[in-house]
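A short write-up of the structure that comes next.
Bear in mind that the values here come from a model prediction, so they are computed numbers and not experimental data. Each chain gets a letter, A, B and so on, in the order the sequences are listed, and its residues count up from 1.
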Number of protein chains: 2
Amino acid sequence: MATLSDVARLAEVTAATVSNVLRNPDKVRPETAKRVMRAIRELGYRPNLNARALAEGRSTTLALMLSSIANPFYPEFVLAAERAARRAGYFLMVCNTDDDAEIGRAYLTQIAGTLAEGVLVLNTDIAINELCETAAVGAPIVLSLWEHPGRLPALPCVAVDFAQAGVLAARHLLELGHRDIGMLIGDGCGGLQDARATGFRDVMRDAGLEPDNAAVREIPDTIDAGYAACIDLLARESHLTALFATNDLLAIGALQALATRGHKVPDDVSVIGITDIQLAHQVRPSLSTVAINTEAIAQASIDLLIRLIRDPDVQTPLVVDVPPPVLVRRQSTAARK
Amino acid sequence: MATLSDVARLAEVTAATVSNVLRNPDKVRPETAKRVMRAIRELGYRPNLNARALAEGRSTTLALMLSSIANPFYPEFVLAAERAARRAGYFLMVCNTDDDAEIGRAYLTQIAGTLAEGVLVLNTDIAINELCETAAVGAPIVLSLWEHPGRLPALPCVAVDFAQAGVLAARHLLELGHRDIGMLIGDGCGGLQDARATGFRDVMRDAGLEPDNAAVREIPDTIDAGYAACIDLLARESHLTALFATNDLLAIGALQALATRGHKVPDDVSVIGITDIQLAHQVRPSLSTVAINTEAIAQASIDLLIRLIRDPDVQTPLVVDVPPPVLVRRQSTAARK
DNA sequence: TTGAAAGCGCTAACAC
DNA sequence: GTGTTAGCGCTTTCAA
């Protein structure tokens, strides 16, 4: 591959000038620039981003750490994050930790501050204080999709008001007249989704409804688990008229279970989730849910990370706001009969 | 961040020795190594992968170009590819082209051969000959999930026998006694999935069944499109007892449409897809499909790419074999009534 | 076994 | 405007 000096030689200038043509075009005479450009084209020259990163002391790559991109929520986030990064001139490296803290740690020590200029961490089994150590010596780290508004991490983060999502779901079901409501609480790699459950329960209590623990299942955050838990719930708690799931995946699993067991949704049972993943509108009946604005969250996360890269002196901890969750009414919820 | 020479200074050796401790441990006296290791730990030294890449003239990053990771098939591929890359000591950069050839081109010219040592291309709007040009000057490029066994590209590729997948689907439906079969043919970013359709039709013809064009829909490769097309098909072609979709997404959309219209699957209509994405076993009724071995394909693709990186002289074009597709019987297909 | 020196391809002062 | 020079952090001969 042609290098800067190859181009310089052909254009009969020095490497510095070629560099300037590419980086500070106004600093070089048009004719010279033209000659250089011709040489660049002729040789098919493309700058070596590695060398540039080394010389500039910063790279143009960001890393995104998540447990597994196979979880259907993440691709949407990744797509949005990658677009945001691209718009800002960065590449995105995707790091699946496979729920293995060792892998996460390995990634972090290898790339933070060298290959990647900053790291966006979604959910992780790595302890926050470990992340802090890395942030202290290496590149900035931003925690996104932070789920625990009560306890803020010692790192910059993008917190999502999941409690409010729970609140909206609860209000919706209450308004529809539901009183006997089962709960599927997801236990993802970010831990139990308890903010969502708490928001939901608070509204219920305010309405004079005490939670019925027999109708609650804490389960892994997957369609399969939602399906199994719902089958079980239907067998034991036949009085339920609605189901609240802390996550669309669980809700979709529940939808399948209800169909399998011959229950009509929403006539017999209403179902609502949280997130509004793509699939939520693609299943039938389509899933009512509380949408978090994935795109805005991803964009805000990348923005924050880049801000931290540009100005490392920004005071941390630092929390960035994103649009609040929004109820999305679809076919899976209806008035209690 | 601490550098090699920081470590060297502290350990009272030269940078070369530190480098050797890390890369050629056997070349350095144990006591020295120990001293160096202590210094490394003390300073929290981590090698700068950028500098290393520059010095070695090669990086440890691979790029994966695809149209959009939001397409539910890709995350599974990406996960497998990233694991394979990681096992081989490489990082994976994910590049969404958003079905925009310009973006793909920009990625290619920027990273191929500099940031990324090799590029894996899944489906692309970039013309093959453009890819060849890049491959000629920059890093090796491997085409994966190649769908057209008849016309092999001028690039190394991992071809999947999708025609055979169509054959298996056809045989399955025939064995179940179906004769009136609708077809949903996906038109993805890799172009019309015609190998799959051709394989299917060939078997049908051999069985004396001429294709009924009125029962065929060529549509974008999404759940939504599958849903819409199926709704339409049901309205016009009520005699159909089975549906073949060239892709699980379409089949899943069809499943939803059938449920919406009150048709029982598989009692009234059987449905079969191709790929076996995760979702295929998670929907109810679960989807019968022809599985391509995504993990093996991803692994083979990464292997081939790395082989090409290590030994650029390998004769191209080059096609790598992967396990043939396999029929997966689930709940969505049953004998014609 | 260790060190000295050159260089990977590029950028960034600073001088001309 | 353009060239000279030094250096980013590392690897890699080659000498010692």
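- Among the atoms of the strands shown, only primed sugar atoms or phosphate atoms (P, OP1, OP2) are found under 4.0 Å from some heavy atom of A/Thr32.
- With hydrogens and angles left out, the side-chain atoms of A/Gln299 and A/Arg87 include a donor and acceptor closer than 3.5 Å.
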Just the atom pairs and distances: protein N or O near nucleotides 13-16 of chain D's N or O, under 3.5 Å.
none

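- Of the possible donor and acceptor atoms, none in the side chain of A/Arg46 sits under 3.5 Å from a partner among the backbone N and O of B/Gln110.
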Would you tabulate the nitrogen or oxygen pairs shorter than 3.5 Å linking the protein to nucleotides 8-10 of chain D?
{"residue": "D/dC8", "atom": "O2", "partner": "A/Ala55", "partner atom": "N", "Å": "3.2"}
{"residue": "D/dG9", "atom": "N2", "partner": "B/Ala51", "partner atom": "O", "Å": "3.4"}
{"residue": "D/dC10", "atom": "OP1", "partner": "B/Tyr45", "partner atom": "OH", "Å": "2.5"}
{"residue": "D/dC10", "atom": "OP1", "partner": "B/Asn48", "partner atom": "N", "Å": "3.0"}
{"residue": "D/dC10", "atom": "OP2", "partner": "B/Leu4", "partner atom": "N", "Å": "2.3"}

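- Atom C1' of nucleotide D/dG3 and atom CG of A/Asn24 are separated by 15 Å, given to the nearest angstrom.
- B/Trp146 and B/His148 have perpendicular rings, their planes meeting at more than 60° on a 0 to 90° scale where under 30° would count as parallel.
- More than 12 heavy atoms of other residues, nucleotides or ligands sit less than 6.0 Å from atom CD of A/Glu130.
- Each of A/Val21, A/Thr17, A/Val36 was compared with A/Val7 under the side-chain contact (heavy atoms from CB on, under 4.5 Å) criterion, and only A/Val36 meets it.
- Ion pairing between a basic and an acidic side chain is recognised when a charged N comes within 4.0 Å of a carboxylate O; B/Glu117 and B/Arg310 show no such pairing.
- A side-chain contact (heavy atoms from CB on, under 4.5 Å) with A/Leu305 is found for exactly one of A/Leu64, A/Val119, A/Leu120, A/Val158, namely A/Leu120.
- Remark: the B/Asn129 side chain and the B/Glu133 side chain contain no N/O donor-acceptor pair separated by less than 3.5 Å.
- Looking at A/Asn48, its side chain never comes within 3.5 Å of a backbone N or O of B/Thr114 through a donor-acceptor pair.
- First and last contacts of DNA chain C with chain A, using any nucleotide atom under 4.0 Å from a protein heavy atom and ordered 5' to 3', fall at C/dG9 to C/dA12.
- Remark: A/Gln278 CD is packed, more than 12 non-hydrogen atoms of other residues, nucleotides or ligands lying under 6.0 Å away.
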